[in-house]
Amino acid sequence: MQGQALPGFRDFYPEDFAFRNSIFATWREVARRYGFQEYDGPPLEPLELYTDKSGAEIVQQLYAFEDKGGRKVALRPEMTPTLARMVGARAQALKKPIRWFSIPQLFRYERQQRGRLREHFQLNMDIIGEAGPAADAELIAAAIDIARAFGLGAEHVRLRLSDRRVLTALLQTHPQFHGERIRIAFDVLDKVERQNRNETERRLREAQFDASAIERLFEIASLKGIEAVLAELRRCPDGPAAGESLVAVITALGAMGLSEFVEVDLTVVRGLAYYTGTVFELFDRAKELRAICGGGRYDNLIKEIAGMDLPCVGFGMGDVVLGELLTEHRRRFEAPGQLDAFLVAVGGEDVAPVLHLAAGLRDRGIAVEYALRNQPIRKQLELAAARGAPRAVIIGPDERKAKVAVVRDLKTGKQRKVALTKVRKGVFK
RNA sequence: GUGGCUGUAGCUCAAUCGGUUAGAGCGCUGGACUGUGGCUCCAGAGGUUGCGGGUUCAAUUCCCGUCAGCCACCCCA
């Protein structure tokens, strides 16, 4: 075997490409329904776009190198910094709120495993310039509607919802959770579901938290559902205010009829440091796969990158985990037969008339194919069927004499003679 | 980046205790079938057993390295 794709990179054979296209088409369709406009940026960006925001360690996970002009560049690992730059540059001119989406191919140099490659396509939807919770609800609704558009209902997926402002308010009721140490608590909470309790306690003790603080953190982690969270918030000084946005988001989603998908869970934190409020993830119910989609509110990022003060909320949804889930649910896309007709020449003297007919039909936008060698009709029909053509148009000496073609329905096997004048116009019956 | 497991035809898998010419099904190509596909039958092509080294009279089989895949960690687009 001579060569193969680099590790973590995919070849898309026609059936894979059809599947990918069907995912993209659904993404675009839902984005359109929500009034989003599509944009794109360069796949190659200045390295600093990522290092400035994410810290130098992430360079280890970037496809980064020096170009021939000595510039340090990187293949984009995420779309948000590019979006921030683009919006920042025209922030004055763009009518707010901005609703934009993109389907970039993103790259990351990491060891691949299931659901995580070195390259993937990711739908990004963002609302920029609206600080209120209606924007958060709108995006969460879009994420859920995408799942629904793929035939995934509340029995297949669930949306886990949290809010960092709520989490902060609850944590701060304990004196040991303050300032930088809240970040540590975030980090631990993010992993609390994946680790056993002993491991979690060990990490907290290493970070100098005492038994009462650890107890408090587990208390917060165990709060499930909005009622439990609200009850707890009422016992904090700034609690009710911190919970306002979360309540508004849940209310809006309820009004849209999406409550059965939504579950408040404070252990959803998201790894990225720049989230400031709402955070959410879409999961398969069985929780066998990684998150299908993740996002949240990041109100300070554009100011950091472009200097404009614009609140944002957005999410990313990759094609890899989603594709795995769809395949599991047997919703794998079958490549559609794209031909309208397969033209069959009975003998060598029929080839030129078939070519002529093919050219005329193609001019009319009709998709046709014919055998590239002289073959028995048997072979030509076999190819026609394999290509998924709905019908074969057979032309032989008898047909030419009678100025007709035999149109054979390849599904039913029924055939009839149709005048050539009609066939030439793409009328096959 | 760390650790564990696994690599045989395009795909799914065989190959006895280490035994000489590595097989089968599906798929692909051709034929039976000279104006009618799907069925059936026949034949063919397709392999450096991931790659490299070692042990042995003999390696798909045992050992080491390496690459790739899967899983876990790390990390989360």
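Chain letters run A, B, ... following the sequence lines, proteins first and then strands; every chain starts at 1. These numbers come from a predicted model, not from an experiment.
- Across all strands shown, Ile395(A) has no heavy atoms under 4.0 Å from either base or sugar-phosphate atoms.
- Looking at heavy-atom distances under 4.0 Å, Lys411(A) makes contact with a base.
- Within 4.0 Å (heavy atoms only), Gln122(A) reaches sugar-phosphate atoms of the nucleic acid but no base atom.
- Taking atom C1' in both C17(B) and G38(B), one finds a spacing of 48 Å when rounded to whole Å.
- Contact check, Arg111(A) against G1(B): no side-chain N or O comes under 4.0 Å of OP1 or OP2.
- In this structure, Pro376(A) reaches neither bases nor backbone, as no heavy-atom distance under 4.0 Å exists between it and the strands shown.
- In this structure, Phe342(A) atom CZ and G37(B) atom P are separated by 14 Å, rounded to whole Å.
- Taking a cutoff of 4.0 Å between a charged side-chain nitrogen and a carboxylate oxygen, Asp299(A) and Arg297(A) qualify as a salt bridge.
- One can place CD of Gln380(A) at 11 Å from P of G35(B), the figure rounded to the nearest angstrom.
- Base engagement by Arg116(A) is indicated by at least one non-hydrogen atom pair under 4.0 Å involving a base atom.
- Looking at heavy-atom distances under 4.0 Å, Arg373(A) makes contact with sugar-phosphate atoms alone, never a base.
- As judged by a 4.0 angstrom heavy-atom cut-off over every strand, Gly413(A) is placed among the base-contacting residues.
- Contact between the side-chain N/O atoms of Lys379(A) and the OP1/OP2 oxygens of G30(B) is found at a separation under 4.0 Å.
- With a 6.0 Å radius and a threshold of 12 heavy atoms from other residues, nucleotides or ligands, Arg362(A) has its CZ atom above the threshold.
- Which of C74(B), G69(B), A77(B) sits closest to the side chain of Gln113(A) comes down to C74(B).
- Heavy atoms of Gln105(A) sit nowhere under 4.0 angstrom from any nucleic acid atom.
- As rounded to whole Å, 12 Å separates atom P of C76(B) from atom CD of Glu78(A).
- Here the C1' atom of nucleotide C76(B) and the CD atom of Glu281(A) are 10 Å apart, to the nearest Å.
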